[in-house]
Amino acid sequence: MNRVKIGQSVPRVEDQRFVTGRGRYIDDIDFPDQAHGMALRSPHAHARILSVDLSEAQNLSGVLFCFSGQDWADEGFGPLPTKSAVRTNSDGTDFKEPPRSCMAVDRARHVGEIVAFVVAETRATAIAALELIVVDYDPLDAITDPVAALQPGAVQIWDDIPNNLCIDWDLGDKTATDDAFARADHVVCLDLINNRVTAAPIEPRGAIAQYHTDSDTYTLHNATQNIHANRDIFATNVLHIANENLHHLAPDVGGGFGAKNGAYPEPALVLYAARKVGRPVKWINDRSESFLSDTHGRDQVSRVELALKGDGTFLALRTDSIGNLGSHCATVGPFTISGGSARTQGGPYGFEAMHYRGRGVFTNVALIDPYRGAGRPEASYQTERIIEYAARKLGFDPVELRRKNLIPPERLPLKTAMGLDVDCGNFPHVFEQTLAMTNRRSYGDRVTKSAASGNARGFAISPYLECTGGSPKEFVKIDFRADGQVDMSVGSQSTGMGHETALPQILASQLGLPLSDITFTQADTNATPLGGGHGGSRGLELGGNAVFQVANAIVVAGKSVAGHIFDLPADQVEFADGRFFVPDSNHNLSIREVIDASLDADHLPDTIDPQCMNRNSTFERGIISIPNGCHAAEVEVDLETGRVTIDGYWVVDDFGTIINPMLADGQVMGGIAQGIGQALLEDIKYDPQSGQLLSGSFLDYAMPRADHIPTMEIGYYEGAPTKKNPLGVKGAGEAGCVGAPPAIVNAVLDALQEFAVDHLDMPLTSEKVWQAVKGNVAK
Amino acid sequence: MPVLNTRVNGKTVQKEIKPTTLLVAFLRDGMGLTGTHVGCDTSQCGACVVHVDGVAVKSCTMLALQAEGADIQTIEDLAGDDGTLHPVQQAFQKHHALQCGFCTPGMIMASVALLSANPRPSPAQIRHGLEGNICRCTGYQNIVNAVLDASGQLGG
């Protein structure tokens, strides 16, 4: 692929290795003399650890090193901190952050917490050694329900954190909201649960640590999404070494979706183990361990209230949500239930006032951290469910009610009642564009046809408002080599999204260079001094704009080199389509010729640095951008079995400028599939008494398969590129699973209208729907 | 230790192995063929699909010794000797039928087997036929399109 442009569906360069089996994931890497580590995980949700006897395990032939939580504590290592941006309660006091040690020391607080760690010659030996460790547990009562955990007298996860309350935070104008509710013609209220799910990237987490005795430094290969920030945590917070003494890098990463974003205990354990045994130590989670120990997503219990005028105009929205954080604060931890879920409350609709209260609560289950959307899917679900519910209760047409309340483009820019800075967009246009795709005219025929075969049909439309997030800075470095190759190193990271194509595509299009000349490096603390990794749909917003910015700097530098060659001032040189030239003259050089000249120090004057075209650039985001769009779904419910079939799915997204439509489609479709999974299939379920994970494998946790997912029709609205960044991009990665759950749930409830089902909590499994059809819904 | 006699990607292999070795472990650790992936421990995800005597098999469900005398093909052998990609590999790239790439080798091997059993499958048959392979990235639509294209049903 040679000349490429922004807006072109350039096929991915990384696919060549992935389709031929030459991807290099963490478990594909082995170092000479490598040992293998395995974790012993607590079988109890809550238990005092009275003793850990490692002696038999240590004596097993092939075992190199075993350590317990107490051994770890005795080394003086620090806990994994939460980096939540929200850290105070609404009364101004600090939130509660219990110490998150990498290993349970005297008390285990969820099933799967690490109690001991074994390093052996082989993985099989390490597993055998785990069996020989004798732990004396004193089981304690466990609690898994965050609402129950808040009640007086509930099981206490932390002795010094009353009522298990981590944070109690609010946003918005409470007085104005209360006032709007007081004078509203209609008020509706709905209690709903956003089910706990897991990202389940198909590649489990894993890491390999090496300790270099000569230099007293470490190298950590790690299947993570966030190389620099996690390097700092492992080095500064846990091991108490200088950041530069830990070289942290990720090979190809087999999906992340947020679950590989945070700092986990195991990489810290293998770093320590590698130093102790003096050999590389590899650890790979198996799938069962992943279910227990990956951070999960969502898990909120919410009360949502909507105040309306008699004509259906929205006045105010009030959301009170309780988030189950698990046993500790994860790396982002309490941010999701606070700021993460608050900002996009109310979606693209106009409200006089909004108020959001979020409480984060500790229980005896695995930790919550971002999963694709991290709060925005919850906000979208809360908003769209209460609107649908209000329409049904009050007799409004759900389509009309939404249409009536969408913020018109002439009111933009505006700050929402949640403080979100919405600069541009055209919500009504996107709404109508979506509706036009859905063949509404023949919908009645399809309803009749479904009814004739004993099925019920339903439809829902679901606009959404998004915002980007993640680290606000990104770095890129470009090195032109004498052999014609161009090295691009970036601090943003793809775990499948295609940065290896999209970011070089931006550089190649701006500079008129062949895409095949560019060699891409990411996720390596030695390659870039800083990097924001992956998260918050930031790849193009940060990484893409950093590349765009560095391309401009390269052109400026190139003009000075070309000016020298032309013997003219640089300001007379222009650049277009990969050529430096002076208009109305025969001065005209390709960028490659100018790069070659720039690298030829012998022929450059002293005033021009021979490295002047090798540039780096740090892009810093001012204000987060606001992707938005609209989903619509048509479903058919088999009334005999409760099975839901999605018969049509349509979406229009406003992501601003689209760099590579094929990759954007991929993000949308993958996100929708995850949203459909949450709406219909997926559920992380703990036994409420024992705290045991009941959906702990792909046999019990229903991942969407090919025949669960419909054909999706995707459109874009490109009439509103944002001015918040030079490329005009708004972020595409998470939108799919922000819009999909309410679209699906509302469509199913629409189909079930005749059965007077007001609400069902996700996932809408066949059994749950069948029970609802039979009238067996718990009220 | 028993000796396994088999053929892997066209080459005769004779190797002593522990009788408990799974086929996937033999391929990855014994043969260095790391294109075959392990994504679960319950034979659900399909990332480890290879061909055994031309049939798609989850290589985590089979002991290596059960492949005695068999002909095993992995993702590494699917492209031609000159590097020309198999039509299914080409179609996966063309249709953006992969993102992180982790499920892809198993998905491609399953798709190739599906097409050899049914050269012109319908979209529904493709979705049903790939039910044993989980992809978390793509939402499957582009995989279905890739398989349709590889079977010559998309035109263009």
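Residue numbers begin at 1 in each chain, while the letters A, B, ... track the order of the sequences. None of these values were measured; they are calculated from a predicted model.
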Item to complete: Name the member of A:Val19, A:Thr495, A:Ile709, A:Asp27 that forms the most heavy-atom pairs with chain B at distances under 4.5 Å.
Response: A:Val19

Worksheet item: Using the ring of each side chain (for Trp, its six-membered ring), is A:Tyr25 parallel, tilted or perpendicular to A:Phe18, with breaks at 30° and 60°?
Response: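 Correct class here is parallel.
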
Practice prompt. Answer with yes or no whether the side chains of B:Asn118 and B:Gln125 bring together a donor and an acceptor at under 3.5 Å.
Written response: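 Judged by distance alone, the side chains do pair up.
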
Practice prompt. With a 4.5 Å cut-off on heavy-atom pairs, point out which of A:Arg12, A:Gln667, A:Met703 contacts chain B the most.
Written response: A:Arg12

Worksheet entry | A:His36 side, atom NE2; A:Glu121 side, atom CD - distance, nearest 0.5 Å | 8.5 Å

Worksheet item: By a 4.5 Å heavy-atom criterion (distance strictly below it), what part of A:Ile202 contacts chain B: side chain, backbone, both, or neither?
Response: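 Both backbone and side chain.
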
Worksheet item: Which is it for B:Asp41 and A:Ser697 under the side chain to side chain donor-acceptor pair (under 3.5 Å) test, yes or no, and what are the steps along the way?
Response: CA-CA 8 Å; B:Asp41 45 18; A:Ser697 81; over 6 Å; no

Discussion item. Using a 4.5 angstrom heavy-atom cutoff, name the option from A:Ala706, A:Gly736, A:Gly677 with the most pairs to chain B.
Written reply: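 Heavy-atom pairs under 4.5 Å are most numerous for A:Ala706.
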
Worksheet entry | Evaluation steps, side-chain contact (heavy atoms from CB on, under 4.5 Å), between A:Ile208 and A:Gln34 | CA-CA 9 Å; A:Ile208 309 169; A:Gln34 169 184 284; 4.1 Å; yes

Worksheet item: Measuring heavy-atom distances to chain A, does B:Ile143 have an atom under 4.5 Å in its side chain, in its backbone, in both, or in neither?
Response: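 Neither part.
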
Practice prompt. Mind running side chain to side chain donor-acceptor pair (under 3.5 Å) on B:Asp149 and B:His95 for me, showing each step along the way?
Written response: CA-CA 9 Å; B:Asp149 198 5; B:His95 290 277; 2.6 Å; yes

Worksheet item: Does any N or O in the side chain of A:Gln493 come within less than 3.5 Å of the main-chain N or O of A:Gly533, such that one atom is a donor and the other an acceptor?
Response: no

Worksheet entry | When B:Arg28, B:His37, B:Glu76 are compared by non-hydrogen pairs under 4.5 Å with chain A, the top option | B:Arg28

Discussion item. Heavy-atom cut-off 4.5 Å, strictly under: side chain, backbone, both or neither for B:Val38 against chain A?
Written reply: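 Only the backbone of B:Val38 comes within 4.5 Å of chain A.
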
Practice prompt. Counting only heavy atoms closer than 4.5 Å, note whether B:Thr138 contacts chain A via side chain, backbone, both or neither.
Written response: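 Looking at B:Thr138, just its backbone touches chain A.
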
Discussion item. Assess whether a salt bridge exists between A:Arg705 and A:Glu682, defined as any Lys/Arg side-chain N lying under 4.0 Å from an Asp/Glu carboxylate O.
Written reply: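 Result for this pair is no, no salt bridge flagged.
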
Worksheet item: Quick one: what part of B:Phe102 sits under 4.5 Å from any heavy atom of chain A, side chain, backbone, both or neither?
Response: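 Answer is both: backbone and side chain atoms of B:Phe102 are under 4.5 Å from chain A.
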
Worksheet item: Where does B:Ile108 contact chain A at under 4.5 Å (heavy atoms): side chain, backbone, both or neither?
Response: side chain

Worksheet item: Given A:Asp294 and A:Asn285, is the side-chain contact (heavy atoms from CB on, under 4.5 Å) satisfied, shown in steps?
Response: CA-CA 10 Å; A:Asp294 282 4; A:Asn285 240 12; 4.2 Å; yes

Worksheet item: Can you say whether A:Asp252 sits under 4.5 Å from chain B via the side chain, the backbone, both, or neither, judging by heavy atoms?
Response: neither

Item to complete: Sort A:Ile676 into side chain, backbone, both or neither according to what part of it lies under 4.5 angstrom from a heavy atom of chain B.
Response: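 Neither the backbone nor the side chain of A:Ile676 comes within 4.5 Å of chain B.
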
Item to complete: Give, as side chain, backbone, both or neither, the part of A:Pro204 having an atom under 4.5 angstrom from any heavy atom of chain B.
Response: side chain

Worksheet item: For A:Tyr649, is it the side chain, the backbone, both or neither that has a heavy atom under 4.5 Å from a heavy atom of chain B?
Response: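 It is neither, since no heavy atom gets under 4.5 Å.
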
Worksheet item: Any chance CZ of A:Arg643 has more than 12 other-residue heavy atoms, nucleotides or ligands included, within less than 6.0 Å?
Response: no

Discussion item. Using the rule given for side-chain contact (heavy atoms from CB on, under 4.5 Å), can you reason through A:His631 versus A:Ile672, listing the C-alpha separation, both sets of side-chain angles and the distance that settles it, and then say yes or no?
Written reply: CA-CA 9 Å; A:His631 290 229; A:Ile672 291 171; 3.7 Å; yes

Worksheet item: Considering only heavy atoms, which portion of A:Met712 lies under 4.5 Å from any heavy atom of chain B: side chain, backbone, both, or neither?
Response: both

Worksheet item: Out of A:Pro710, A:Gly23, A:Gly670, which one racks up the most heavy-atom pairs below 4.5 Å with chain B?
Response: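 Looking at each of A:Pro710, A:Gly23, A:Gly670 in turn, A:Gly670 comes out on top.
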
Fill in: A:Thr224 side chain to A:Asn226 side chain, donor-acceptor N/O pair below 3.5 angstrom
no

Item to complete: Side chain from CB out, backbone as N, CA, C, O: work out which of these in A:Ala199 comes under 4.5 Å of a heavy atom of chain B, or both, or neither.
Response: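 Just its backbone gets close to chain B.
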
Item to complete: Using a cut-off of under 4.5 Å on heavy-atom pairs, state which of B:Gly83, B:Gly35, B:Pro105, B:Cys40 scores highest against chain A.
Response: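 Top count of heavy-atom pairs under 4.5 Å with chain A: B:Cys40.
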
Worksheet item: Do you know which of A:Ala200, A:Ser494, A:Gly256 has the most heavy-atom pairs with chain B at a distance under 4.5 angstrom?
Response: A:Ala200

Practice prompt. Could you go through the side-chain contact (heavy atoms from CB on, under 4.5 Å) check for B:Asn133 and B:Tyr140 one step at a time?
Written response: CA-CA 10 Å; B:Asn133 293 72; B:Tyr140 301 101; over 6 Å; no

Worksheet item: Top residue by heavy-atom pair count (under 4.5 Å) with chain A, among B:Leu85, B:Ile126, B:Thr42, B:Leu98?
Response: B:Leu98

Fill in: When A:Arg22, A:Gln16, A:Met497, A:Glu14 are compared by non-hydrogen pairs under 4.5 Å with chain B, the top option
A:Gln16

